[in-house]
Amino acid sequence: MKPCREFKQRIALSIVEGQNDDAMEEHLLRCTGCRTYAEEIRAVCGDHVHRAAHLPASEAPLRLHGKIRAALPDNPRRWNWARSVAAGALAALTIALYLFWRPAPKPAPIAIMPPPQTQLTEPSYVAYRHRLSRSAEELEAALSREDIGATSPAELLTVSSRVGVLQGPTSP
Amino acid sequence: VSDVGLNHSPDLLVRAQARDADAFCELCKPYEDRLFRQAVVLCQNQTLAEDLVQETLIEAWKSLRRFNGRCRLFTWFCSIMLHRYQKTIRRKQPAVVADGLCEAMVDEQPSPAMASESGDRARLLQQHLDNLPHKQRQVIYLRFYVDNSLEQIAAALNCSPGTIKSRLFNGLENLRKMRGIQKLDL
């Protein structure tokens with residue numbers, strides 16, 4: 001005879017939990033299928049409760065603790081004042097050594113400039129104008145110095161050849 | 001089976017959760033024998049049991065920050081151990097019965113015949129447990145072998161009590177059927 005479907009879980013859990021369920025007990029008195037089912041569940045629970053109560057008294061091997069500790073990472077080292085001082089001293093020493101042994105700074109590159117042009121190889125327009133104006137002034141000064149009032153081209157050429165003007169600004 | 005005497009100091013747990021390996025070892029030490037005993041029950045072999053406990057505690061170290069104190073630490077260790085054991089079963093690693101351990105599961109100095117019979121029973125019960133779906137086996141194991149309340153099991157497995165009751169019932173139902181097939185008469 002099969003147990004009642006709606007009672008099966010209730011029966012099993014009440015046996016496992018050891019709780020009294022009056023309504024279920026009353027049902028078990030009337031229902032053979034559920035009574036058989038309850039006996040089977042009790043037997044299953046009894047098997048495992050008995051086995052659990054009589055587990056062998058095994059002790060963990062002594063090496064087990066060491067193996068577990070070895071498998072775990074080491075604790076992170078604590079940062080204390082001594083370590084801070086040591087680290088600071090090391091950093092200072094490194095900086096001092098660097099400053100002492102650092103290579104000499106390279107001189108700035110010197111720009112190679114072309115030599116200044118001292119003389120013009122060819123007359124420029126400005127130089128020509130300058131020379132021309134100087135020649136005109138010299139000519140005028142010579143004319144006033146010698147008190148020559150003539151302005152004929154022949155006289156001007158004579159005076160200019162004498163004072164050395166109007167010979168062309170070919171050379172500065 | 002109670003947890004009396006295995007209560008750890010909260011400070012030790014906090015230090016272990018802060019990745020202090022020494023504190024973790026100190027925390028685990030009182031549980032090692034009991035874990036090893038449970039592992040022997042599962043594996044039925046001392047060498048495999050030793051490896052299982054080691055794997056369990058290393059796994060516990062890795063995930064210790066997730067332990068929220070809603071269940072006992074031993075229950076939490078056992079739930080991890082069952083998870084590791086499930087992986088062992090998946091790898092089809094044979095649980096070799098050795099060292100006469102099953103035969104040692106006898107009350108008081110039994111005769112060889114009785115010891116053999118008890119060993120067979122223990123082996124058969126373990127076989128039934130191994131045949132259960134993993135989630136059902138977890139609940140059955142924690143209920144009968146670690147002696148936890150359903151609330152503790154629910155907290156350890158991070159499930160609702162209703163789910164645990166359902167798994168317990170289904171597990172018992174499967175064990176009942178297996179027992180009926182095997183005609184085990186204890």
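Order of the sequence lines fixes the chain letters, A, B, ..., with proteins taken first and strands second; residue numbering starts at 1 for each chain. Given the structure is predicted, the values throughout are model-derived calculations rather than measurements.
- Using a 4.5 Å cut-off between heavy atoms, B:Phe24 touches chain A through its side chain atoms alone.
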**OP:** Check the pair A:Arg51 / B:Gln126 against side chain to side chain donor-acceptor pair (under 3.5 Å), numbers first and verdict last.
**Re:** CA-CA 10 Å; A:Arg51 186 183 173 208; B:Gln126 186 57 41; 3.0 Å; yes

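- The interface of residues 31-39 of chain A with chain B, defined by heavy-atom distances below 4.5 Å, comprises A:Tyr37.
- Within the 4.5 angstrom heavy-atom criterion, only side-chain atoms of B:Leu129, from C-beta onward, approach chain A.
- Of the listed residues (B:Leu52, B:Thr88, B:Val53, B:Asp51), just one forms a side chain to side chain contact (heavy atoms under 4.5 Å, CB included) with B:Cys43, and that residue is B:Leu52.
- Heavy-atom distances place both the backbone and the side chain of B:Leu172 under 4.5 Å from chain A.
- Here B:Glu26 does not pair with B:Lys29 in a salt bridge; the nearest charged N to carboxylate O distance is not below 4.0 Å.
- Of the inter-residue distances, the one linking A:Ile68 atom CD1 with B:Leu57 atom CG reads 4.5 Å to the nearest 0.5 angstrom.
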**OP:** Could you walk me through whether B:Ser160 and B:Thr163 pass side chain to side chain donor-acceptor pair (under 3.5 Å), step by step?
**Re:** CA-CA 5 Å; B:Ser160 69; B:Thr163 305; 2.8 Å; yes

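- Under the 3.5 Å distance criterion, the side-chain polar atoms of B:Arg137 are matched with a main-chain donor or acceptor of B:Asp130.
- In this structure, the side-chain contact (heavy atoms from CB on, under 4.5 Å) partners of B:Ala49, at least two apart in sequence or on a different chain, are B:Phe36, B:Ala39, B:Val40.
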